Amino acid sequence: MTESPFLLLLDLLGTFAFALGGALTAVRSARVDLVGVIALGMITAIGGGIIRDVMLNLSPATFQDWRYLAVAAAGALIAFAFGFHLDRLSTPIDVLDAVGLSFFAVSGAVKAVAFGLGPAQAIILGTITAVGGGTIRDSLLGRVPSVLSDGLYAVPAFIGAAIAVLLPIFGANGPVTAVIGAVVCFSIRMLGLHFGWNAPGPLHWKYGRPTPSKRD
Amino acid sequence: MTESPFLLLLDLLGTFAFALGGALTAVRSARVDLVGVIALGMITAIGGGIIRDVMLNLSPATFQDWRYLAVAAAGALIAFAFGFHLDRLSTPIDVLDAVGLSFFAVSGAVKAVAFGLGPAQAIILGTITAVGGGTIRDSLLGRVPSVLSDGLYAVPAFIGAAIAVLLPIFGANGPVTAVIGAVVCFSIRMLGLHFGWNAPGPLHWKYGRPTPSKRD
Amino acid sequence: MTESPFLLLLDLLGTFAFALGGALTAVRSARVDLVGVIALGMITAIGGGIIRDVMLNLSPATFQDWRYLAVAAAGALIAFAFGFHLDRLSTPIDVLDAVGLSFFAVSGAVKAVAFGLGPAQAIILGTITAVGGGTIRDSLLGRVPSVLSDGLYAVPAFIGAAIAVLLPIFGANGPVTAVIGAVVCFSIRMLGLHFGWNAPGPLHWKYGRPTPSKRD
């Protein structure tokens with residue numbers, strides 16, 4: 001792997017946050033058992049990075065470097081051990097998910113640029129990297145994925161990826177812009193959740209607002 | 001990419017038709033917002049081609065060539081802008097979907113042959129390329145994919161791919177047979193929809209006809 | 001393909017068992033037609049191996065070697081032809097599924113080692129190979145995949161893969177340990193089904209036992 005230490009750090013932090021958040025989501029769903037919680041936590045954590053690496057025609061870092069699976073498993077086990085003590089998990093889940101979203105949006109976009117993709121493709125691949133794991137998790141749980149129904153899930157990832165890709169073209173320092181991109185993505189996501197911002201639903205003035213993220 | 005201009009044209013036309021049809025399907029479902037409509041339109045448009053390229057162990061053309069994402073995004077935006085003015089979208093969706101199905105069945109099969117797959121594998125990969133994007137879209141929307149419940153969805157793709165793969169073996173001109181394959185696929189699909197043809201359901205004399213394509 | 005004859009045999013036997021079991025599952029679900037039964041049987045049979053090969057950045061053996069698709073199609077057709085004569089299909093489905101699970105867990109893990117993955121990653125990739133096809137099938141049928149709700153589905157695969165990966169490190173004969181791993185995996189799976197063993201559900205003392213495998 002030609003992965004830089006900086007990218008690796010972003011990746012592992014995002015992996016840990018997504019593993020915690022994904023496993024807590026599974027704990028709350030109460031439809032899955034211990035194995036399901038571990039599996040969903042790990043899928044949420046490694047899904048986006050695997051999609052990114054496969055799209056770049058690389059051997060997924062997840063399986064080349066044991067630390068990804070170790071960090072993902074650790075996060076899922078921690079969530080299983082402590083998750084069910086909490087009565088209301090919405091806030092921690094949302095924060096952890098926003099952290100993973102921010103780190104993966106940036107790391108996905110930066111890695112795509114490093115492997116020669118054009119800016120537009122890199123920004124979209126960064127967005128896919130960020131939302132991929134959670135989308136697989138939601139599909140397996142039989143929900144409509146957040147990315148489809150929760151307008152401000154993909155948008156912050158897209159903006160964060162765009163910052164990380166475009167600013168360096170104008171000479172800005174890579175790692176600095178990556179951090180800026182992640183912070184902007186996280187902030188927009190959290191503000192959007194707090195104020196209930198949403199993208200327009202095409203038919204909602206006709207049929208009423210579609211049920212948002214199916215977080216039950 | 002060693003992609004021929006002819007293959008590229010088929011691919012881009014299929015991408016545009018699938019993006020329009022996929023986004024219109026999302027608009028009708030009324031469960032997703034603007035981001036969801038764009039995402040589903042693009043997934044429908046690029047999903048099959050990505051599966052094809054990954055199965056051929058290539059870097060997906062979708063991310064190597066910006067035109068794929070541009071065409072997919074344009075189709076999805078057009079569908080979002082005009083989709084909800086139409087009262088009944090079934091017909092345009094079905095036609096656009098059949099166009100994408102035909103072009104991808106042929107381009108998938110021809111590309112598979114170009115990269116050294118045997119005829120049987122090329123025909124099946126062409127079929128997977130054709131039905132792949134719509135299958136991902138339907139799964140994300142929580143439906144049973146058309147390919148599983150709507151007999152004449154995969155069959156025309158299979159026949160079109162078979163024509164494009166087999167006739168050249170007997171010396172027929174490649175591009176000509178590709179066009180013939182696409183036209184035959186499109187015709188069978190549209191006739192099947194018009195006359196309600198269906199593949200036999202294994203248990204339907206026992207439990208009654210399974211609900212077809214869940215197009216609601 | 002650098003695949004050994006022994007690996008190939010394991011793979012083809014697992015493919016056949018999964019194709020039969022997957023198609024019988026589809027027949028029972030009564031929601032899909034002939035094409036759907038064939039498609040689900042083949043997806044169950046080839047899904048796990050495709051995931052394994054893509055994770056190893058190889059051209060999937062499924063499309064390189066016509067025998068995989070032939071065996072998968074044959075199994076699915078046999079299941080369609082005879083499946084609906086059986087009144088109770090649970091037992092054959094479970095046995096066939098356990099056979100496929102055992103062979104793929106071992107072949108996935110052994111192939112991962114052969115392509116240079118570390119032991120931990122090889123064991124997890126073996127497990128993913130074993131449960132992958134069935135997970136895709138269940139998702140397409142709109143069910144919560146067994147791997148998430150049926151504790152002793154992934155666990156035996158994990159143990160079988162671990163045996164096939166770890167014993168050779170201590171000098172044991174590869175093929176012999178592979179057979180032992182498959183037999184152990186199969187035995188644990190069948191015993192677990194017989195005695196209704198399950199992994200602990202995180203919340204089941206709170207909300208009651210989550211509905212297991214959604215086999216209806």
Side-chain angles (χ1 to χ4, degrees), chain A residues 1 22-43 46-47 49-51 53-70 72-73 76-77 79-87 89 135-143 145, chain C residues 50-59 108 112 115-128 131-132 135-136 138-158 192 197-214:
Chain A
M1 290 299 310
L24 290 175
T25 307
V27 168
R28 283 188 79 213
S29 80
R31 301 172 63 184
V32 303
D33 59 20
L34 167 55
V35 178
V37 170
I38 306 301
L40 281 175
M42 293 184 74
I43 288 166
I46 67 179
I50 286 177
I51 292 172
D53 293 345
V54 170
M55 293 304 107
L56 295 171
N57 200 18
L58 304 169
S59 302
T62 315
F63 292 103
Q64 297 300 315
D65 181 340
W66 63 272
R67 288 170 293 193
Y68 287 91
L69 291 172
L77 282 164
F80 182 79
F82 302 110
F84 50 81
H85 292 304
L86 309 172
D87 281 20
L89 293 173
T135 301
I136 299 171
R137 176 201 62 213
D138 291 342
S139 301
L140 291 175
L141 280 171
R143 305 169 169 181
Chain C
I50 287 177
I51 294 172
R52 175 199 60 203
D53 293 345
V54 170
M55 292 305 107
L56 295 172
N57 201 16
L58 304 168
S59 304
F115 282 88
L117 261 54
Q121 295 100 295
I123 293 167
I124 286 172
L125 190 52
T127 309
I128 294 171
V131 304
T135 300
I136 299 172
D138 291 342
S139 301
L140 291 175
L141 280 171
R143 303 170 171 182
V144 172
S146 310
V147 66
L148 297 184
S149 54
D150 178 356
L152 282 183
Y153 191 69
V155 169
F158 186 89
W197 293 340
N198 253 310
L203 297 176
H204 75 267
W205 58 85
K206 240 172 158 181
Y207 299 123
R209 185 98 201 88
T211 56
S213 165
K214 299 246 180 316

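We use all heavy atoms of the structure for the numbers below, so side chains are in, but hydrogens, waters and symmetry mates are not. In this text, all values refer to a predicted model and were calculated from it rather than measured experimentally. Residue numbering restarts at 1 for every chain, and letters A, B, ... go by the order of the sequence lines.
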_Residue among Val155(C), Leu152(C), Val131(C) satisfying side-chain contact (heavy atoms from CB on, under 4.5 Å) with Val35(A)_ = Val155(C)

*When rounded to the nearest 0.5 angstrom, what is the spacing between CD1 in Ile38(A) and CZ in Phe158(C)?*
11.0 Å

*Can you measure from CG (Leu125(C)) to CG (Leu69(A)) and round to the nearest 0.5 angstrom?*
9.5 Å

*Any idea which heavy atoms bring Met55(C) and Val54(A) closest together, and the distance?*
CE-CG2, 4.0 Å

_Between OG1 on residue Thr135(C) and CD1 on residue Ile43(A), distance to nearest 0.5 Å_ = 7.5 Å

_Measuring from atom CG of Leu40(A) to atom CG of Leu148(C), what distance do you get when rounded to the nearest 0.5 angstrom?_
4.5 Å

*So which heavy atom on Phe63(A) is nearest to which on Leu117(C), and how close?*
O-CG, 3.6 Å

_To check you understand the geometry: which heavy-atom pair defines the closest contact between Thr62(A) and Gln121(C), and what is its length?_
O-CG, 4.4 Å

*With a 4.5 angstrom heavy-atom cut-off, could you sort out which part of Leu140(A) is near chain C: side chain, backbone, both or neither?*
both

